[in-house]
Amino acid sequence: MNRLIGAILLVASALPIGAEARGDEGGLKIVNADFEAGKGEAAEGWGWWSRTKVGSAFWTDRERYAGKRSVCIRHDGPRDWAFSSETMLAARPGRTFRASAWVKVASGHVTLAVVAKGKGKLMSWDIGSVDQGPIGGWTLIRAPVETPDGCDRIYVRFVGDGKTLAWVDDVTIEPWKPAAVKPRPKIKGYAKTRVAERLDRGLTVLPAGANKVYLSWRLLADDPKDIAFNVYRRTGSTKTVPLSSAPVGKTTDFLDSSAPAGKVSEYFVRPVVAGKEGASGRSAQASPGEATGYRSVKLKGDYTFQKAGIADLDGDGRFDFVIKQPRDNIDPWYKYWKRSPDTCKLEAYRANGDFLWRYDMGWAIERGIWYSPYVVWDFDGDGKAEIAVKTGAGDPRDAEGKVRGGAEYLTILDGLTGKARARVDWPARKLFTGSRGYNYASRNQLGVAYLDGKTPSLIVERGTYNLIIVTAYEFHAGKLRELWTWSNRKEPRKYWGQGAHWMHAADVDGDGRDEVVIGSAVIDDNGMSLWSTGLGHPDHCYVGDLDPNRRGLEIYYGMETRQARNGMCMVDAATGRLLWGHDKPTIHIHSSGLVSDIDPDQPGAECYSGERDLKDKRWLRNSRGKVLGTKDIGGLAPRAAYWDADPQRELIRGGRIEKYNGSRLGKLPGRLVAIADVLGDWREELIVSVAGEMRIYSTTIPASDRRVCLMQDPIYRIDVAHAAMGYMQVPMLSYDMASRK
């Protein structure tokens, strides 16, 4: 059923439902299910409702599937309508049923849906539904149904939106057991060992004041535990000067307090292991002066950008950037949509700022996040990243300016040239029907997952709010190979509409292979359903080691869908089992919220969410669900980054970097696009868009310890890749930073 219809009707419902509960799970009897009884034009036991108070559902003997009569539904209004049974049927939680009806649709779309109630209150407008568009004759439609916790009554109804002419007959609902699903084999990719980036030291140097230059570099996952570093400076033609009196081993940063004023110096570090000094890595240059705190990459025009894909395009061990410009976003929802004034472009820049290429997505791709997902990753394992992107062909816009047809592809672009190397069809839009079909079909995502634990796979997703289709591919030897396709079309209803505005990949069950977290549901590494909370669409969803006091990973949700309880909750990532949740109703938990360790007095990650339309409804909880505060800490989407010397993140809000309940640490001009550990030590960089420029802000606060580069953590690295598509969230870790020494 249309998600928006359900939300609107929940507020303004006036349906004539309220008959005595009848039937039980052994014999579900709908009054006048064959529409043979009634008075005048009305069918007994059924009621009509229309938001604009037009149209009707009336008895007819001109069109019928069986018997003497059927019901004709005629609606000419612009909004939603419903034709509902007044029979309440007893149904216990956790049961599966199948509702069916014979329908004939001349125009519009008709949805057969089942409604759940508990203790006299509405629980869900849709615990099972099936949609039918125009057809030539009578067709049997069937909807699988699963009753949620707390449910004690169900009833059936037909719903639609806009102009409709249809006939319905012989409605049934009966206990039903889905057919057993045949297990799928495990994925075996091309890789013998895990494909990972080969990073250099990432040395970065920044002015830090008069005669001061701040240096920072990476500690790598395969470095020996006793590794230390000697630091050197060379200015002009003078000889190389050692800066550290002894190898630096406690941290991977250094402050040069005697840098020659007005001169550019070259800096480099050399590793020291067991007293033996190794070779220098790539050097970096800087001169002392005002501490601006950022490196600048000049763009090829005076524009801003929306997204940044971060990966090594040329295999030199440094992170390069693929940006999407311009900045503005057009949403497919009818209240937000507008005609695209121009096309989206991808642009690639080397780590040193050199421009590589521009790829124009053309008029087949409307301008917005959901039309144009992309990720940047080394999919074929050659050490150089490719770009996976949704593309089209030609100009298939209709008179309104929407792209409702035409070819759609998953395309692989070469990282160095931007030229297409391979492509396959994108999951088809044809299954997304109804008046909201354009909105639902326009929700597209791309992701990365290691389904066999070694080989990077592409994850392609279409759909968020009802139907969802996910396909996995391997890219190797210049070809895309389909690994599996998952769809909720034949899954229990708890798998429908569970998509998020972000995709995660994580080994949630500890078998060494990634699962795909699409939101409130998880797909196993072999493409089979693993679990679903059934709560619906979350506006934010974070995966990581959020609670260090329990084994395994956790997932925190902020639910956009109206909930009687658990609208903010944490679940066990392996099973979906609820760990704790908000014990009161919520209406619309909105935007990206925040999950990060920001409070040193609380173990693990703090979880922050808020209601969209109620500014006084904000909650900050610790990792065990205890409410720490109800004050606003930065709107509905504050950001956070590891910035100073402690293992807690600092808040980014209102163009400022601040400690939680503490001091300000700096300003941040421009629009924050991405957060990632791309340079220097383990503290994070802030990728910012200003007109004609990408700025990469780094901290110059001296560190107190050293930690392995965050980009070598599997959950964190894939979260950073996924920031190039979907709505931005801060990247998470597979471990708790404060607990790891």
Side-chain angles (χ1 to χ4, degrees), residues 304-308 327-331 333 335-336 368-370 500-502 519 537-542 544 546 556-563 567-570 582 584 586-599 602 605-623 627-643 648-676 684 686-690 695 697 719 722-723 726-732:
T304 56
F305 61 97
Q306 181 194 78
K307 292 288 185 180
R327 165 185 167 179
D328 60 298
N329 178 50
I330 296 172
D331 192 276
W333 191 36
K335 287 190 175 181
Y336 297 153
I369 289 171
W370 304 118
H501 293 312
W502 180 283
H537 160 63
D539 236 22
H540 46 267
C541 164
Y542 291 84
L546 311 182
Y556 174 78
Y557 293 112
M559 303 304 302
E560 177 182 293
T561 49
R562 182 185 294 259
Q563 303 291 327
M568 293 159 282
C569 62
M570 186 177 289
H582 188 68
K584 292 181 175 61
T586 55
I587 301 171
H588 183 158
I589 303 302
H590 189 56
S591 196
S592 64
L594 178 67
V595 174
S596 285
D597 183 2
I598 59 174
D599 186 344
Q602 302 290 328
E606 285 71 62
C607 306
Y608 172 79
S609 300
E611 290 274 14
R612 180 187 65 178
D613 300 320
L614 303 171
K615 293 185 179 180
D616 61 333
K617 298 295 184 181
R618 305 285 187 270
W619 296 270
L620 178 68
R621 289 179 165 88
N622 68 9
S623 61
V627 176
L628 303 177
T630 56
K631 294 182 179 179
D632 191 304
I633 68 167
L636 294 172
R639 312 300 186 191
Y642 296 110
W643 195 254
Q648 280 73 44
R649 271 177 162 150
E650 281 61 59
L651 291 172
I652 304 168
R653 51 189 178 182
R656 302 183 303 272
I657 305 171
E658 304 175 328
K659 294 189 73 66
Y660 170 64
N661 287 337
S663 58
R664 294 184 181 180
L665 301 178
K667 294 182 179 180
L668 191 69
R671 175 180 175 268
L672 181 63
V673 172
I675 298 170
E684 292 173 300
L686 307 176
I687 312 298
V688 171
S689 171
V690 298
R695 292 183 180 179
Y697 281 85
D719 271 3
H722 290 181
Y727 290 153
M728 180 187 174
Q729 294 184 175
V730 297
M732 306 305 291

Partners passing ring pair (Phe, Tyr, Trp, His ring centres under 6.0 Å) against H722 (at least two apart in sequence or in another chain)
none

I need the minimum non-hydrogen distance between [X] and [Y], along with the two atoms involved.
X: R671; Y: Q306; result: NH1-O, 3.4 Å
X: V690; Y: G670; result: CG1-CA, 3.7 Å
X: Y557; Y: C541; result: CE2-SG, 3.7 Å
X: I633; Y: R653; result: O-NH1, 2.6 Å
X: G567; Y: I589; result: O-CG1, 3.9 Å
X: Q729; Y: W502; result: N-CZ3, 3.3 Å

Do [X] and [Y] come within less than 4.5 Å of each other through their side chains, counting heavy atoms only?
X: D539; Y: L636; value: no
X: I652; Y: L686; value: yes
X: P669; Y: R695; value: yes
X: L651; Y: I598; value: yes
X: Y727; Y: H540; value: no
X: W333; Y: W370; value: no
X: D597; Y: Q648; value: yes
X: K617; Y: T586; value: no

As an exercise, state the distance from CD of E650 to CD of E658, rounded to the nearest 0.5 Å.
10.5 Å

So CG of D616 and OG1 of T630: to nearest 0.5 Å the spacing works out to 8.5 Å

Neighbour count >12 (heavy atoms, 6.0 Å) for atom NZ, K659:
yes

Test log, rule salt bridge (charged side-chain N to carboxylate O under 4.0 Å, His left out), inputs R649 and E684
CA-CA 9 Å; R649 271 177 162 150; E684 292 173 300; 2.9 Å; yes

Can you run down the salt bridge (charged side-chain N to carboxylate O under 4.0 Å, His left out) pairs that involve residues 628-642, sequence neighbours left out, and say none if there aren't any?
R618-D632

Indicate yes or no for a side-chain donor-acceptor contact from S689 to the backbone of F305 under 3.5 Å, with no hydrogens or angles considered.
yes

Using only heavy-atom distances, determine whether the side chains of Y542 and S596 contain a donor-acceptor pair under 3.5 Å.
no

The test is side-chain contact (heavy atoms from CB on, under 4.5 Å); show your working for D613 and E611 and say whether it passes.
CA-CA 6 Å; D613 300 320; E611 290 274 14; over 6 Å; no

